[in-house]
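Comments concern the structure below.
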Amino acid sequence: MKNKIALGLILTMLFALAAPATEVYASSAIPDYFDFGALTMSIPAGGSQKMWLRANYDYTYYIEGATSNATYLETDFKSGSKDVVFHIGPDEQSGNVFFHFYVNDEKVQNDDLHDEIEIYVKNRQQVFPSIPAPIAKGKTGTLVQENKVSMLYNDKGVAMASFSLTYGKGSMATFGLKGIEENGSKYFSILTGYDNATPLISGTDKEVMIANGYAGVVVNGKFVNWP
């Protein structure tokens with residue numbers, strides 16, 4: 001009898017070892033609608049992470065706390081089980097970003113069904129809300145970041161010229177100020193989520209920038225002259 005019990009225990013252990021591993025997910029506050037591979041994740045600025053998601057209905061999402069418009073979710077918004085990818089912009093400055101998920105399906109007459117995933121943003125690069133900027137006649141002005149526009153002020157605090165960035169089709173890019181670099185002329189060094197972004201500047205403002213020694217911007221390490 002003892003031998004049979006021992007043999008039974010051994011066979012049970014062998015079957016358990018041979019059985020395929022079952023992946024356990026983090027569930028959701030509303031499991032009838034969503035199931036997530038994780039409820040919190042850590043992703044470095046400029047990084048991305050894949051996560052399994054189950055949605056029983058079509059859905060949408062919005063982001064809370066992000067400073068970069070290169071922070072987004074790669075998804076098709078459709079119901080089903082799938083992998084989605086969280087992207088954190090290289091210029092992201094927030095330490096905590098929340099992705100809020102809402103059911104968005106005509107089969108469900110409730111717009112308040114909601115759950116969220118929190119992203120801890122690691123290795124953020126330092127940018128500044130303003131930087132001192134040498135200008136003509138040996139004076140020092142200030143370049144100030146105002147939302148998606150950088151404004152150059154003179155030494156008396158009077159606005160002189162401004163520029164922004166575009167990443168295509170007229171879309172303005174978020175970016176942060178890092179400092180000033182020189183390559184024959186002076187350039188404003190900036191950090192953005194779009195390596196191919198280019199500066200937008202009016203003809204008049206371009207003349208002012210050049211008159212004060214600035215030939216363009218450095219986009220993520222790449223020198224780009226004013227257009």
Side-chain angles (χ1 to χ4, degrees), residues 21-105 108 110-129 145-150 164-169 171-179 189-197 219-222:
T22 301
E23 198 161 0
V24 178
Y25 296 110
S27 192
S28 164
I30 47 175
D32 289 338
Y33 300 92
F34 292 113
D35 192 10
F36 302 127
L39 297 177
T40 61
M41 290 186 287
S42 294
I43 304 175
S48 61
Q49 185 165 323
K50 183 185 294 185
M51 187 200 76
W52 177 88
L53 176 150
R54 174 182 56 77
N56 289 340
Y57 300 91
D58 293 349
Y59 60 95
T60 188
Y61 78 93
Y62 79 89
I63 303 175
E64 177 189 2
T67 62
S68 169
N69 57 7
T71 294
Y72 70 99
L73 180 68
E74 186 180 338
T75 183
D76 62 4
F77 300 96
K78 300 296 184 182
S79 62
S81 296
K82 68 200 74 179
D83 287 329
V84 297
V85 182
F86 292 85
H87 295 271
I88 303 298
D91 56 328
E92 183 60 65
Q93 294 300 298
S94 177
N96 301 82
V97 175
F98 295 86
F99 285 77
H100 297 275
F101 291 82
Y102 282 87
V103 175
N104 184 32
D105 196 308
V108 180
N110 186 341
D111 295 334
D112 297 326
L113 294 166
H114 160 259
D115 205 351
E116 66 186 38
I117 292 174
E118 183 177 8
I119 308 296
Y120 302 107
V121 182
K122 303 183 298 181
N123 303 333
R124 286 167 285 157
Q125 294 193 49
Q126 186 174 18
V127 295
F128 303 96
Q145 187 70 11
E146 300 175 347
N147 196 7
K148 296 179 182 178
V149 176
S150 281
S164 58
L165 286 187
T166 177
Y167 59 95
K169 298 181 180 179
S171 299
M172 295 177 65
T174 54
F175 62 97
L177 305 176
K178 296 185 69 176
S189 181
I190 58 182
L191 177 68
T192 180
Y194 303 92
D195 288 340
N196 295 323
V219 179
N220 296 352
K222 181 177 67 176

What residues form a salt bridge (charged side-chain N to carboxylate O under 4.0 Å, His left out) with Asp76, not counting sequence neighbours? Lys82
Exercise: identify the closest heavy-atom pair between Ala173 and Thr192: CB-OG1, 4.0 Å
Value for CG (Leu73) from OG (Ser48), rounded to nearest 0.5 Å, stands at 11.5 Å
Run the side chain to side chain contact (heavy atoms under 4.5 Å, CB included) test against His100 and tell me which residues pass, sequence neighbours left out. Tyr62, Glu64, Phe98, Tyr102, His114, Glu116
Could you measure the distance from the CG atom of Leu165 to the OH atom of Tyr194? Nearest 0.5 Å is fine. 11.0 Å
List in chain and number order the residues that pass side chain to side chain contact (heavy atoms under 4.5 Å, CB included) with Asn110, two or more places apart in sequence or in another chain; answer none if no residue qualifies. Val108, Asp112, Leu113
Before you tell me yes or no, could you show the steps for Lys222 and Asn196 under side-chain contact (heavy atoms from CB on, under 4.5 Å), namely the whole-Å CA-CA distance, both residues' side-chain angles and the distance that decides it to 0.1 Å? CA-CA 9 Å; Lys222 181 177 67 176; Asn196 295 323; 3.9 Å; yes
Identify the two heavy atoms, one from Gly193 and one from Pro90, that lie closest to each other, and give their separation to 0.1 Å. CA-CD, 3.4 Å
When you compare the side chain of Ile43 with that of Tyr120, does any pair of heavy atoms fall below 4.5 Å? no
Side-chain contact test, heavy atoms from C-beta onward, threshold under 4.5 Å: evaluate it for Met51 versus Phe36 and give yes or no. yes
Passes side-chain contact (heavy atoms from CB on, under 4.5 Å), Tyr59 versus Asp105? Steps please. CA-CA 7 Å; Tyr59 60 95; Asp105 196 308; over 6 Å; no
Note, Phe175 side chain near Leu191 side chain (heavy atom, < 4.5 Å): no
Taken in chain and number order and not counting sequence neighbours, the residues that satisfy side-chain hydrogen bond (donor to acceptor under 3.5 Å, both in side chains) with Ser164 are none
With sequence neighbours left out, the residues meeting side-chain hydrogen bond (donor to acceptor under 3.5 Å, both in side chains) with Glu146 are Tyr153
Only one of Asp83, Ile117, Val84 passes side chain to side chain contact (heavy atoms under 4.5 Å, CB included) with Leu53; say which it is. Val84
side-chain contact (heavy atoms from CB on, under 4.5 Å) assessment of Val219 paired with Ile190: CA-CA 6 Å; Val219 179; Ile190 58 182; 4.2 Å; yes
Checking Asn69 side chain against Met172 main chain: does a donor-acceptor pair fall under 3.5 Å? yes
Excluding sequence neighbours, so at least two apart, what forms side chain to side chain contact (heavy atoms under 4.5 Å, CB included) with Tyr72? Tyr61, Glu74, His87
Counterpart residues, side-chain hydrogen bond (donor to acceptor under 3.5 Å, both in side chains), relative to Tyr33 (two or more places apart): none
With Asp115 via salt bridge (charged side-chain N to carboxylate O under 4.0 Å, His left out) - residues at least two apart: none
Tell me, which pairs form a side chain to side chain donor-acceptor pair (under 3.5 Å) where one or both residues lie in residues 89-99, sequence neighbours left out? Thr67-Glu92, Ser68-Asp91, Thr71-Glu92, Asp91-Thr174, Asn96-Glu118
Of all residues at least two apart in sequence or in a different chain, which pass the salt bridge (charged side-chain N to carboxylate O under 4.0 Å, His left out) check with Lys50? none
Qualifying residues under side-chain hydrogen bond (donor to acceptor under 3.5 Å, both in side chains), relative to Arg124, sequence neighbours excluded: none
Excluding sequence neighbours, so at least two apart, what forms side chain to side chain contact (heavy atoms under 4.5 Å, CB included) with Ser79? Asp58
Decide yes or no on side-chain contact (heavy atoms from CB on, under 4.5 Å) for Trp52 and Asp35, but give the supporting numbers first. CA-CA 8 Å; Trp52 177 88; Asp35 192 10; 3.6 Å; yes
